[in-house]
There are 2 protein chains.
Amino acid sequence: MRDIADRLGVSSVTVSKALNDKDGVSDELKEKIKVLAVEMGYRYNATARSMKEGLTHNIGVIIPERFTGPTQSFYVRVFQRITRHLEDQGYYGILHILNEEDEEGLTLPKLYSDNKVDGFIVLGQISKEYIELVRSMDVPKMFLDFYDEHSDIDSVVTDNFYAAYELTNVLVQQGHRSIAYVGNLYSTSSIQDRFLGYYKSLLEHRMPMNPDLILNDRDERGTFIEIDLPESLPTAFVCNCDQVAHLLVQKLTSLGIQVPQQCSVVGFDNDIYALLSEPKLTTVEVDVEQMARTAVQSMLKKVDNPNRNFGRVHVKGNIIYRDSVSAAPETLEMQSPTSI
Amino acid sequence: MRDIADRLGVSSVTVSKALNDKDGVSDELKEKIKVLAVEMGYRYNATARSMKEGLTHNIGVIIPERFTGPTQSFYVRVFQRITRHLEDQGYYGILHILNEEDEEGLTLPKLYSDNKVDGFIVLGQISKEYIELVRSMDVPKMFLDFYDEHSDIDSVVTDNFYAAYELTNVLVQQGHRSIAYVGNLYSTSSIQDRFLGYYKSLLEHRMPMNPDLILNDRDERGTFIEIDLPESLPTAFVCNCDQVAHLLVQKLTSLGIQVPQQCSVVGFDNDIYALLSEPKLTTVEVDVEQMARTAVQSMLKKVDNPNRNFGRVHVKGNIIYRDSVSAAPETLEMQSPTSI
DNA sequence: CTGAAAGCGCTTACAG
DNA sequence: CTGAAAGCGCTTACAG
């Protein structure tokens, strides 16, 4: 900047104003300065501004390692959207993959202790203990795609409840009266909320909830376990995620049960498993774009004003209709007397 | 720092030295300062140091968007290793996913124009035009997992040549004499080098190269195409990657050809497709850890001294033996006269 | 419309 | 072993 100023015989203040398009410089001079800057290959020193402002213009994005494995591109996609929105605002996203060791050992990212970021977006459920640690950080933070009832940290989540409710409604409308839910209710808030949406649909249609039709799919550590099918098979399954729906379809098929003719199955997430499955899964697509945008906007407002609070923001999902749902078998028979 | 200094009645210089474990402060005072720092919740301001040093202690990692899709966790894993090694050296990795638009429009990352990083590691093949653009950047840069013959940019790559050579040798040792190579030789340097390793093995064993046995797998834009099998089927296939090997196995199986009994197939990468395949693929595992370590070390040396050059560094891969290879059919018959 | 001065929080080189 | 001074490259508040 000084070099540019010297070459033009003006002060560095003027150059700064021109390059930032601020008032107080004639348009003519501004233009001259900008042209020369490009010519001289000038690159803005963001560090100097950070120093002055006390703001790094970086936001840390924390993703637990277990959500980054093979076949798990979802969070990477979300991260990508986040950075795009951040860049639109002159910010950068710095990805921090939280490994198990640090999560269990309650180690804060060096990003924090080195003052490298102005705030954190945590993308994906972390342990209760780590949530407490995150709370203790003296910067704005928010949770994305999960929340914790005991903390006051702002969060942006898919409207799991309503999406599961609507998806179950679809099954009911197709004549299903015996519908199972597949998922460990104590594992994540997503699974819980999706279950409650399923339950709301049952309630609304005066269908009893049968505890035998709530099927566990994973142990406490999130590892998938064999699904125990009930004695008397339901005609439809609401699965908490596509991967489990995929496993379930495989299991049913291997038992000689046809999907969707004999059993309908729906998933959640619209990830690779929804397409890998045979038949392809009817499922719910998360609105990644909207979630990323909301999280970034809220975060930047919090950076400006640390007292801003947004609470829990729900983003609606979209049902994707594919081939894993059909009318309930009994209904089919009733509807087609020709088959008698 | 000033606050700490004031509370202890010393200067901020002394505090700085103590916190950085430099000479010139008594051990006693150092200890006192460190304790107080923790007590006061002091967080180091990395920005200030950056300002002074003219170094951001950040390294940009550029991954082309097309390598981050579903089922492509490889580069994310590499990124994770890179950041781990960077952190060990007091550095941070900033991920920049290069979207197609920016790659075609030759837009440099804002990370560069904002002086946010001290160097770039490009992870995954980019277009020739973009390579030229990268060259024009006035910071240290290096390529990871690919290289370009026309540029003098340092690179770290898997030793594709030798790994493919060794893998082909394995097939030859199993009695195979008609071995195909599957891959578009004009697509990436990896595919080319793997082909040459395959060719070297043929040469060494005095086996003629049959052009009909070089099978294309993708078009210019990298989209997979249907593989055209030759009239007379070889007894083994060396595929340039696991995904293509997986597709090939599916195709062979659907044609009623048994793998590996009638045809052996080997892949490359040891990714999710190697395990998805039935039978599981014999393949080459890239030494991610070693590649990441080498890239980071070289990069940091270049940051210290921009004139340092490392050229092309090859990292050896490991063959993973699974179930997609068996002895050549004719050999089998010769070996087991009991079957007559 | 233009610029001199101060300051962001560190580190380095030097003096004591 | 300890500290006063200068400086990294910007921006902001103020004076002209």
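So you know, we letter chains A, B, ... as the sequences are listed, proteins then strands, and number each from 1.
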Could you name each residue pair satisfying side-chain hydrogen bond (donor to acceptor under 3.5 Å, both in side chains) that touches residues 131-143 of chain B, not counting sequence neighbours?
none

Round to a whole Å and report the spacing from CD1 of B/Ile4 to P of D/dT2.
16 Å

Excluding sequence neighbours, so at least two apart, what forms side chain to side chain contact (heavy atoms under 4.5 Å, CB included) with A/Thr56?
A/Asn58, A/Asp118, B/Thr47

For B/Ser189, what residues pass the side chain to side chain donor-acceptor pair (under 3.5 Å) criterion, not counting sequence neighbours?
none

List every contact pair, protein side and nucleotides 11-14 of chain C side both N or O, where the distance is under 3.5 Å.
unit_1: C/dT11; atom_1: OP1; unit_2: B/Asn20; atom_2: ND2; d: 2.9
unit_1: C/dT11; atom_1: OP1; unit_2: B/Tyr44; atom_2: OH; d: 2.8
unit_1: C/dT11; atom_1: OP2; unit_2: B/Ser16; atom_2: OG; d: 2.1
unit_1: C/dT11; atom_1: OP2; unit_2: B/Asn20; atom_2: ND2; d: 3.3
unit_1: C/dT12; atom_1: OP2; unit_2: B/Lys22; atom_2: NZ; d: 2.9

Report the distance from atom CZ of A/Arg43 to atom C1' of D/dC10, rounded to the nearest whole Å.
16 Å

Specify the separation, in whole Å, of atom CG of B/Asn115 and atom P of D/dC8.
15 Å

N-O pairing of A/Asp159 and A/Arg312 below 4.0 Å:
no

Pairs meeting criterion ring-ring contact (aromatic ring centres under 6.0 Å, His included) with involvement of residues 117-146 of chain A, two or more places apart:
A/Phe143-A/Phe146

Residues passing the ring-ring contact (aromatic ring centres under 6.0 Å, His included) test with A/Tyr112, sequence neighbours excluded, are none

Picking from C/dG3, C/dT2, C/dC8, which would you name as closest to the side chain of A/Val25?
C/dT2

Which ones in residues 27-37 of chain B lie close to DNA chain D, meaning a heavy atom under 4.0 Å from one of its atoms?
B/Leu29

Is A/Ser26 near enough to C/dC1 that one of its side-chain N or O atoms lies under 4.0 angstrom from OP1 or OP2?
no

Quick one: salt bridge (charged side-chain N to carboxylate O under 4.0 Å, His left out) pairs with a partner in residues 290-311 of chain B, sequence neighbours left out?
B/Asp154-B/Lys302, B/Glu289-B/Arg293

What stem regions, each of at least 3 consecutive Watson-Crick or G-U pairs below 3.5 Å, can be found for DNA chain D?
C:1-3 with D:14-16, C:5-12 with D:5-12, C:14-16 with D:1-3

Nearest whole Å is fine: how far is C/dG7 P from B/Asn45 CG?
18 Å

Salt bridge (charged side-chain N to carboxylate O under 4.0 Å, His left out): which pairs involve residues 89-116 of chain B, sequence neighbours left out?
B/Arg66-B/Glu103

Tell me whether the OP1 or OP2 atom of D/dT2 has a side-chain N or O from B/Ser11 closer than 4.0 Å.
no

B/Gly54 near the nucleic acid: base, sugar-phosphate alone, or nothing, with a heavy-atom cut-off under 4.0 Å?
nothing

Residue list, side chain to side chain contact (heavy atoms under 4.5 Å, CB included) with B/Lys128, at least two apart or on another chain:
B/Asp148, B/His150

Test: ring-ring contact (aromatic ring centres under 6.0 Å, His included). Region: residues 6-65 of chain A. Which pairs qualify, not counting sequence neighbours?
A/His57-A/Tyr91

Keeping B/Ser298 on the side-chain end and B/Thr294 on the backbone end, is there a donor-acceptor pair under 3.5 Å?
yes

Distance in angstrom units between A/Leu55 CG and C/dC8 C1', rounded
12 Å

Length of the line joining B/Met51:CE and C/dC10:C1', which is rounded to integer Å:
10 Å

Looking at B/Tyr42, I'd like to know whether one of its side-chain N or O atoms comes within less than 4.0 Å of OP1 or OP2 on C/dG9.
no

